[in-house]
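What you are looking at is a predicted structure, and each value in this text was computed from that prediction instead of being measured. Naming: A, B, ... by sequence-line order, numbering from 1 per chain.
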Number of protein chains: 2
Amino acid sequence: MPNNQFKKGELYSFITGKASIAIARRLQKKFNAAGLNLTIEQWSVLYHLWKEDGKSQQDLCNATFRDKPSITRLVDNLEKLQLVKRVASESDRRINKIFLTKQGLKLQEQTMQLAEETLNDALEGVPPDQINLCKAVLQSVYDNLK
Amino acid sequence: MPNNQFKKGELYSFITGKASIAIARRLQKKFNAAGLNLTIEQWSVLYHLWKEDGKSQQDLCNATFRDKPSITRLVDNLEKLQLVKRVASESDRRINKIFLTKQGLKLQEQTMQLAEETLNDALEGVPPDQINLCKAVLQSVYDNLK
DNA sequence: GGCATATAGTTAGTTAAACAACTATTCAAA
DNA sequence: TTTGAATAGTTGTTTAACTAACTATATGCC
């Protein structure tokens, strides 16, 4: 791939991901406005537990694209908020399985609604086929680098 | 715009921006491998000063999409590394203008080369027209939310 | 069984982001 | 001209990311 594909002035926004930062900020604002005491990072962990409860911390590392210390601390804080609970695995005592509490389960509907609203705000006026192509490009980038 | 445009399972990667995180991590690794003691965030400030030296901290906030305390601290750290220097404006004493040092100027060529390499890694196999469309979509997202 | 290695998770230290509260300077309007 | 609002920047606090070093458990090979 030729080096001259990018004008220098275009490098910045691709690397810094301004679009995804803007989406995350908007969602955080909606959480705050709704009186939810929850960070986007905490929400991203809950998101994967709503899909499948009882994931290990390592599973959550893979799912959220974070390293182990990050997940340790996110789970610490989610436990403090009483949204999840660590349970040591019976079969392999190295593993913590993370389970949602009732309060953790209760947040799903409201926060997913706010997340969908946020994406609808973000993608207003963008044709669906362009959205799909953009997602495919971003997936290729991820696959190329991971 | 209809709410059902997204399957729930697709929300996550759009919000978390895994692609741009992967790009930033790859670039950071290249910096480290080259023995450069520089974070991506610090580099992003230098990037805008290479385009136009002497920007104010507020200019850098706008350019880098960061808030004022973030820029204060990034400039603090860049000053410690002796890559930039704060100079109080003559005409408006509230304003700090930020100027590159010789060492700061010297980093441009090498780091921009590494940034281009990173983007070439990231976009390998993605046709240019798809890249352009993807960039346009991300710009729309940014414009919709900012 | 015992030892090396791999895996799961934690802790410590530095950098950065978001928010609120703050100081200092400028500007504009009464 | 003084007072009140706006602007530029700083500081304090909490949360999070990354790296490195660490503990504990499991696995596999002799």
Peer 1: Measure the distance from CG on A/L60 to C1' on D/dA16 and round it to the nearest whole Å.
Peer 2: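 The answer, rounded to whole Å, is 16 Å.
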
Peer 1: Whole-Å distance between C/dT15 C1' and B/Q42 CD?
Peer 2: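 Distance, rounded to whole Å: 8 Å.
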
Peer 1: Side-chain N or O of A/R93 less than 4.0 angstrom from OP1 or OP2 on D/dA24?
Peer 2: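 Answer is no, no contact under 4.0 Å.
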
Peer 1: Hey, is the side chain of B/R86 poking within less than 4.0 Å of OP1 or OP2 on D/dT10, counting only N and O atoms?
Peer 2: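 Answer yes for this pair, as a side-chain N or O of B/R86 is under 4.0 Å from OP1 or OP2.
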
Peer 1: Is it the case that over 12 heavy atoms from other parts of the model lie below 6.0 angstrom from the CG atom of B/D129?
Peer 2: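 Result for CG/B/D129: enclosed.
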
Peer 1: Please confirm whether the shortest side-chain N or O distance from B/Q28 to OP1 or OP2 of D/dT19 is below 4.0 Å.
Peer 2: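 No.
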
Peer 1: Return the 5'-most residue of the pair A/R94, A/D67 with respect to DNA chain D, ranking by each residue's nearest nucleotide.
Peer 2: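 By nearest-heavy-atom nucleotide position, the 5'-most residue is A/D67.
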
Peer 1: Hey, is the side chain of B/N77 poking within less than 4.0 Å of OP1 or OP2 on C/dA16, counting only N and O atoms?
Peer 2: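 For C/dA16, OP1 or OP2 has a side-chain N or O of B/N77 closer than 4.0 Å.
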
Peer 1: Between A/D76 and A/R86, is there a salt bridge with N-O shorter than 4.0 Å?
Peer 2: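 Looking at A/R86 and A/D76, the cut-off is met.
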
Peer 1: Taking for each residue the nucleotide of DNA chain C with the nearest heavy atom, is it B/K80 or A/I71 whose nucleotide lies nearer the 5' end?
Peer 2: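 Looking at the nearest nucleotide for each, A/I71 comes out on the 5' side.
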
Peer 1: Specify the residue among B/E90 and A/P69 whose closest nucleotide of DNA chain C lies further upstream toward the 5′ end.
Peer 2: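 First, find each residue's nearest nucleotide; the 5'-ward one identifies A/P69.
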
Peer 1: Looking at C/dT10, I'd like to know if its phosphate oxygens (OP1 or OP2) sit under 4.0 Å from a side-chain N or O belonging to A/R73.
Peer 2: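 False: A/R73 side-chain N/O out of range (4.0 Å or more) of C/dT10 OP1/OP2.
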
Peer 1: Within this structure, what is the CG-to-P distance between A/D76 and C/dT11, rounded to whole angstrom?
Peer 2: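 That distance rounds to 7 Å.
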
Peer 1: According to a 4.5 Å side-chain heavy-atom criterion applied to Ile, Leu, Val, Met, Phe, Trp and Tyr, with indirect links allowed, do A/I40 and A/W50 form part of one hydrophobic cluster?
Peer 2: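 Yes; tracing contacts between hydrophobic side chains, which count when under 4.5 Å, links both residues.
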
Peer 1: Quickly work out the B/K18 NZ to D/dA17 C1' distance and round it to whole Å.
Peer 2: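 In whole Å, D/dA17 C1' and B/K18 NZ are 16 Å from each other.
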
Peer 1: Starting at CD1 of B/I21 and ending at C1' of C/dA16, how long is that distance when rounded to a whole Å?
Peer 2: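 The distance from CD1 of B/I21 to C1' of C/dA16 comes to 14 Å, rounded to the nearest Å.
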
Peer 1: Would one find a side-chain N or O of A/N32 under 4.0 angstrom from OP1 or OP2 of C/dA18?
Peer 2: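 For C/dA18, OP1/OP2 do not have a side-chain N/O of A/N32 under 4.0 Å.
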
Peer 1: So, for A/L49 and A/I98, which heavy atoms are closest and what is the spacing to 0.1 Å?
Peer 2: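 For A/L49 and A/I98, the tightest heavy-atom pair comes out as CD2-O, 3.6 Å.
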
Peer 1: Any side-chain heavy atom of B/V45 sitting closer than 4.5 Å to one from B/V84?
Peer 2: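 Sidechains of B/V84 and B/V45: no contact.
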
Peer 1: Looking at A/T39, does any N or O in its side chain come under 4.0 Å of the phosphate oxygens OP1/OP2 on D/dT15?
Peer 2: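 So the side-chain polar atoms of A/T39 never come under 4.0 Å of the phosphate oxygens OP1 or OP2 of D/dT15.
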
Peer 1: Between P on C/dT7 and CD1 on A/I95, what's the gap in Å once rounded to a whole number?
Peer 2: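 Distance, rounded to whole Å: 12 Å.
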
Peer 1: Output the single nucleotide from D/dA17, C/dG9, D/dT10 whose closest atom is nearest the side chain of A/L74.
Peer 2: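 Among the listed nucleotides, the one closest to the side chain of A/L74 is D/dA17.
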
Peer 1: Figure out the CG/P separation between A/L27 and C/dA18, and round it to whole Å.
Peer 2: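 Nearest whole value for this atom pair: 14 Å.
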
Peer 1: Any side-chain N or O of B/Q57 under 4.0 Å from OP1/OP2 of D/dT7?
Peer 2: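 No.
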
